[in-house]
Amino acid sequence: MLVMTYLTVPISAKDLNEAQEQIKAAIAAGAEMLEFRLDYLEGLSVEAARKLIGDYKDTKLKQLPVIVTCRDARQGGMINYPVKLRIEVLTAAMLAGANCIDFEYDNFLITDRQEKIRLALSRNSKARLILSAHNFETRFSDIGKLYRAISLICPGTIPKLVYTANHINDCFDAFDLLHKTSGERIVFCMGNAGIISRILAKKLGSFVTFACTDKEQATAPGQIHIDDLKKLYRYDYIQPDTELFGVIADPVAHSLSPAIHNACFADMNMNRLYLPLLVKGQKQQFESFMNGIILRKWLNFHGFSVTIPHKQNALDYAKAHEGFIEPLVNKIGAVNTLIIRMDGKVKAYNTDYTGAMDAITNELKFTKSDFKELPVAVIGAGGVSRAIVAGLSDAGAKIKIYNRTVEKAKQLALEFNCEYASLDELSGMDAKLLVNCTSIGMFTQAKNKNDFNAVQSQKETWEEITQVENEHSNVEQSPVPKEYLKSTIAVFDTVYNPAETVLLKDAKAKRAKRIDGVSMFVNQAAAQFKLFTGMDADPKLMRKTIIDCLKNE
Ligand code: NAP
């Protein structure tokens, strides 16, 4: 049976006036169901519960189905009300017209409590009972057994099983339970690692998924803002057969990729969804995640963007599973795109280098032959530098790598048969194209002093503290003194936040041609989109989405 998923907003108010405000906000934001969390109400009484529901039923506001919950403090309740009062309040709520009441399965196992709830249910034949089990620490030891026990104890009950996912791989229990069962049941995971289970609840047919209208009012860890769910994660368009994609990363919260890919899916009316996939840990956890996805074909995942810290793990995975590996990827040593084939094997690509090469080609109106013997100064010897050096060297450019740690520049230069030097030697650079692949000039996440102090306080030596200071004032810096720039040297800054870095401003002042990091970002995302869907995304929409996201950060 296909189950409608109600997008439910908890009303977690301290008093009745605040509750009315929250109800209005929830309806305006597009809630499909409300959950009155009476355990948040101060001075709770049977009359207060009656009045809250009665007032809502009497208003001209859109009438949404209502769940009434008065949670036991041991299972996440806000105020520790006695069980007797909680049962009385739930009974009154049911008689006042609540569509569902939510009671803890553990408490229902106690005979006199069960009798009272059953009696209340018998007095309102329309009301439904949700019997819930929560585990705030970790997975249930046997979620299937618990589900069966809850389902059998009281016919017509809606079982609710919610637990904390400490790793994204913990979500598979919830997905499997939803996949194997049918009818009305509520199953998802709490915590940051469980966020995707809240989004996918609709695809997999959970009766309810919760979202908040204000992060301060969230009633459980990992609850998403309703606007994010609807606008960023295309909630209204999710269907059982929606194809899934996502970015595998740690951290992932600030990734721009979900916004970009979902904007393009929406623009092209595609039944596809792109998710943030927080895969913590290293190779082993990455492998477990990939194996878990591939084993569950019914989840309908088709491809991934891969970023820090899993680019090497993605390459190792493709090698170990005899997938297809794009030729240059082995030389770069990193994969940023994985496609899952029908037979469960993966195809591995790196669109960072194609994105960079496309950005140069488009912005400088280059053809392939223009790269032959082109003198290029690449600053930096990290992951992005490696991908760009591979692309430029493949196209025949004459590259010199400059890096703070000269040894790293040397290693990279040896692999790609190019020259290297220290940053001090930039004064003598003889290049037609300069590419910044360092993070100098980049806006960092620690935006305020508190964040900065938090990072700083974890550092011990003076050298480390100086490095933190440097990293957090990056945005004012340029990797190249302005006087070294010339109108004849085109400047490509891979840093995309901000879009116009100090380096690019200096290059503009010298009337040099410029390529920004947003162009590279757009081109690598466009190449991924093509690999995901076989179709071309609108680059203007991609660029606008990135710029809008950066403005809102
Ligand atoms: P990475 O592997 O950590 O490498 C960082 C590089 O920056 C290293 O060469 C490092 O030098 C150098 N560096 C960092 N801080 C420095 C400082 N204060 N002074 C001098 N050199 C410094 O990072 P990555 O993955 O290559 O990313 C580099 C940058 O590329 C990112 O910051 C990001 O802005 C940009 N990026 C752009 C895109 C895009 O699509 N446009 C995509 C990804 C990344 P050492 O070797 O001496 O440590």
Side-chain angles (χ1 to χ4, degrees), residues 3-12 26 29-35 37 67 69 71 76 102 130 132-136 138-140 143 158-179 184-240 242 244-247 251-253 255 258-259 262 273-280 289 292-293 296 299-301:
V3 171
M4 159 154 188
T5 303
Y6 288 91
L7 176 51
T8 304
V9 172
I11 305 301
S12 54
E32 296 162 349
M33 190 183 261
L34 302 172
E35 183 194 34
R37 282 292 300 262
I67 302 174
T69 304
R71 178 72 67 233
D102 177 328
I130 297 170
S132 56
H134 296 86
N135 188 336
F136 283 87
T138 183
R139 298 153 61 194
F140 292 111
I143 196 171
I158 302 172
K160 179 182 178 192
L161 295 98
V162 178
Y163 63 93
T164 293
N166 293 305
H167 191 278
I168 197 164
N169 293 337
D170 291 347
C171 293
F172 289 129
D173 282 354
F175 296 159
D176 289 345
L177 183 62
L178 284 169
H179 181 62
E184 289 157 331
R185 68 270 188 248
I186 303 168
V187 187
F188 62 86
C189 301
M190 294 180 284
N192 284 341
I195 283 177
I196 62 160
S197 72
R198 293 178 180 273
I199 304 170
L200 294 180
K202 184 172 177 191
K203 177 179 166 70
L204 299 172
S206 173
F207 179 58
V208 157
T209 190
F210 295 93
C212 56
T213 52
D214 181 338
K215 286 271 183 185
E216 301 282 303
Q217 291 163 14
T219 52
Q223 219 167 67
I224 313 173
H225 196 288
I226 190 167
D227 288 349
D228 285 344
L229 199 53
K230 278 178 161 280
K231 292 176 189 152
L232 180 56
Y233 300 124
R234 315 194 63 217
Y235 181 82
D236 294 335
Y237 301 92
I238 297 175
Q239 296 172 34
T242 297
L244 302 179
F245 300 83
V247 53
V252 77
S255 170
N262 282 329
L273 172 66
Y274 187 100
L275 296 160
L277 303 165
L278 176 67
V279 179
K280 286 207 166 283
F289 175 73
I293 293 291
R296 294 166 178 83
L299 275 174
N300 218 358
F301 268 99

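Along the sequence shown, the residues carry numbers beginning at 1. Everything numeric here is computed off the predicted structure, so don't read it as measured data.
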Going by heavy atoms in the side chains, are [X] and [Y] under 4.5 Å from each other?
X: Ile168; Y: Ile196; value: yes
X: Val208; Y: Ile67; value: yes
X: Leu273; Y: Ile199; value: yes
X: Gln217; Y: Val9; value: no
X: Val187; Y: Asp173; value: no
X: Leu275; Y: Leu200; value: yes
X: Phe172; Y: Phe289; value: yes
X: Val247; Y: Pro258; value: yes

I'd like to know if the side chain of [X] reaches the main chain of [Y], judged simply by a donor and an acceptor atom lying under 3.5 Å from each other, with no hydrogens or angles considered.
X: His167; Y: Lys280; value: yes
X: Ser255; Y: Ala253; value: no
X: His134; Y: Phe136; value: no
X: Arg185; Y: Leu178; value: yes
X: Ser12; Y: Thr219; value: no
X: Glu35; Y: Pro10; value: no
X: Thr209; Y: Ala201; value: no
X: Tyr163; Y: Ala174; value: yes

Check [X] against [Y] and note the closest heavy-atom contact, atom names and distance.
X: Lys215; Y: Ile224; answer: NZ-CA, 4.2 Å
X: Ala211; Y: Leu7; answer: CB-CD1, 3.9 Å
X: Ser197; Y: Cys171; answer: CB-SG, 4.3 Å

Aromatic ring proximity Phe245/Phe301, centre distance under 6.0 Å: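 Centroid distance Phe245-Phe301: not below 6.0 Å, so no.
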
Pairs involving residues 229-239, ordered by first then second residue, that meet side chain to side chain donor-acceptor pair (under 3.5 Å) (sequence neighbours left out): Lys230-Asp236

What's the spacing between [X] [atom1] and [Y] [atom2] if we round to 0.5 Å?
X: Phe188; Y: Gln223; atom1: CZ; atom2: CD; answer: 7.5 Å
X: Ser206; Y: Glu184; atom1: OG; atom2: CD; answer: 10.5 Å
X: Ile11; Y: Thr213; atom1: CD1; atom2: OG1; answer: 6.5 Å
X: Ser132; Y: Arg71; atom1: OG; atom2: CZ; answer: 3.5 Å

Set of side chain to side chain donor-acceptor pair (under 3.5 Å) partners for Asn192, sequence neighbours left out: none

Partner residues of Asn262 under the side chain to side chain donor-acceptor pair (under 3.5 Å) criterion, sequence neighbours left out: none

Salt bridge (Lys or Arg N to Asp or Glu O under 4.0 Å) against Arg198, all qualifying residues, sequence neighbours excluded: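 By the salt bridge (Lys or Arg N to Asp or Glu O under 4.0 Å) rule, Arg198 matches no residue at all.
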
With sequence neighbours excluded, residues passing salt bridge (Lys or Arg N to Asp or Glu O under 4.0 Å) with Lys160: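 With neighbours one apart ignored, the set is Asp102.
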
Residues Asp227, Leu232; criterion side-chain contact (heavy atoms from CB on, under 4.5 Å); working and verdict: CA-CA 7 Å; Asp227 288 349; Leu232 180 56; over 6 Å; no

Worked verdict on Asn135 versus Met190 for side-chain contact (heavy atoms from CB on, under 4.5 Å): CA-CA 9 Å; Asn135 188 336; Met190 294 180 284; over 6 Å; no

Worked check of side-chain contact (heavy atoms from CB on, under 4.5 Å) between Leu161 and Ile186: CA-CA 6 Å; Leu161 295 98; Ile186 303 168; over 6 Å; no

All side-chain contact (heavy atoms from CB on, under 4.5 Å) counterparts of Asn166, not counting sequence neighbours: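 Asn166: side-chain contact (heavy atoms from CB on, under 4.5 Å) contacts with Thr138, Thr164, Asp170.
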
